[in-house]
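Fair warning: this is a prediction, and the values are worked out from it, not measured in the lab. Each residue takes its place number in the sequence, starting with 1. Numbering of ligands and ligand atoms starts at 1, following listing order.
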Amino acid sequence: MKDHSAPWFDHNRIRRSFRRGQATYHRHAVAQQEIARRLVAMLTEAGAPGRFDTAAEFGCGTGLLTGQLLDQFDIDYLTLNDLVPEAAPELAQIIQQANVTTEFAAGPIEAINLPDQLDLITSASTVQWVADIPALMTRLRHHLRPGGWLALSGFGHRQFQELRTLGSAAAAPSYVDADEWRDVLPVGLEVIAVAQAPVVLEFASAIELLRHLRETGVNGQADGRWSRSTLTEFEARYRARFGHNGQLPLTYDAVWVIARRQG
Ligand SMILES: C[S@@+](CC[C@H](N)C(=O)[O-])C[C@H]1O[C@@H](n2cnc3c(N)ncnc32)[C@H](O)[C@@H]1O
């Protein structure tokens, strides 16, 4: 049984962290950009149609996935959701450039109102922040029409393995490996494709790596209090254990899943 009162699932804290990073996210989230690109490619390769009447995207953030989705697919009506209540300026620009009607629904995807009979529900790099993924998947299945598509990316258990080995709390609550997704999805959602692959970024110093975490908002659970000596000690341990050609690697353990609601 999961403890929903644990700090792991503090929506206010997650919201604060992403809101703080919102202005810098779009430029710095290079791993998430690549992950969103692959999600859209997988949806196409899985045989999705070029056009959807209705779609919903949760955890849309600054629109890294939204933009790539609207480039690849014609969508008539798109419901966008994020925990952060103000839609990001980048998102507004992406929507303006596309021929789509949108509504923005703020709040946790676990609780907001969603349209029924959706043709597509999608999300990139967000589901790891959801405390009870099986419950959310059951809810999403109800909002898909028979034959409707689910296209998600999250992260596996080796997410930020370097930080976790060194004892950092920079982790999200729900990591799911590719081979676990079949058990996570409810009856009636059939897996069409899954994939898992590391996306590794490299940083010249610990301070740059920590800045990257802050600028992308992904350190929602880390306390972020560093003195000069704790930072020096952290960098020395990081270099000794993982240093490579003078760089500090940071592994995003990306996982993609494409599924369809059965009739
Ligand atoms: C790492 S960002 C990903 C943004 C975008 N999808 C992308 O691929 O760049 C995660 C986003 O999910 C949002 N988020 C976290 N938990 C959420 C929840 N329970 N419901 C809706 N959005 C959530 C955060 O506010 C943040 O904007």
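Considering only residues two or more places apart in sequence or on other chains, Ser123 meets the side chain to side chain contact (heavy atoms under 4.5 Å, CB included) condition with Phe58, Thr126, Leu152.
Using a 4.0 Å cut-off between heavy atoms, Ala124 contacts ligand 1 through both its backbone and its side chain. Looking at Ile35 against ligand 1, nothing comes within 4.0 Å, counting heavy atoms. With a 4.0 Å heavy-atom cut-off, ligand 1 is reached by no atom of Ala29. Heavy atoms of His11 found under 4.0 angstrom from ligand 1 belong exclusively to the side chain. In Arg15, neither the side chain nor the backbone holds a heavy atom less than 4.0 Å from any atom of ligand 1.
At distances below 3.5 Å, not a single donor-acceptor pair connects side-chain atoms of Trp226 with backbone N or O atoms of Leu210.
In summary, the atoms of ligand 1 found under 4.0 Å from a heavy atom of Leu64, numbered by their order in the structure, are 7 (C), 9 (O). Atoms of ligand 1 found under 4.0 Å from any heavy atom of Val84 (numbered from 1 in listed order, with element): 25 (O). The atoms of ligand 1 that sit less than 4.0 Å from any heavy atom of Ser125 are 1 (C), 2 (S), 3 (C), 10 (C).
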**OP:** Begin with the C-alpha distance, continue with both residues' side-chain angles, and end with the deciding distance and a verdict on side-chain hydrogen bond (donor to acceptor under 3.5 Å, both in side chains) for His157 and Glu180.
**Re:** CA-CA 11 Å; His157 295 287; Glu180 295 172 327; 2.9 Å; yes
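When only interatomic distances are considered, the shortest N/O to N/O separation between Thr62 and ligand 1 does not fall below 3.5 Å. In terms of polar-atom proximity, Ala36 is not counted as a contact of ligand 1, lacking any N or O under 3.5 Å from an N or O of the ligand.
If you check each of Asp82, Thr126, Val130 against atom 10 (C) of ligand 1, the one with the closest non-hydrogen atom is Thr126. Checking Phe155, Trp129, Tyr25 against atom 7 (C) of ligand 1, the nearest heavy atom belongs to Tyr25.
Close to ligand 1: Gly107, with a non-hydrogen atom less than 4.0 angstrom away.
Residues Val84 and Gln22 meet the side-chain proximity criterion, which asks for heavy atoms closer than 4.5 Å.
Just one residue in the list Leu80, Asn81, Leu65 forms a side chain to side chain contact (heavy atoms under 4.5 Å, CB included) with Cys60, and that residue is Leu80.
In the displayed structure, Arg51 atom CZ is contacted under 6.0 Å by more than 12 heavy atoms of other residues, nucleotides or ligands.
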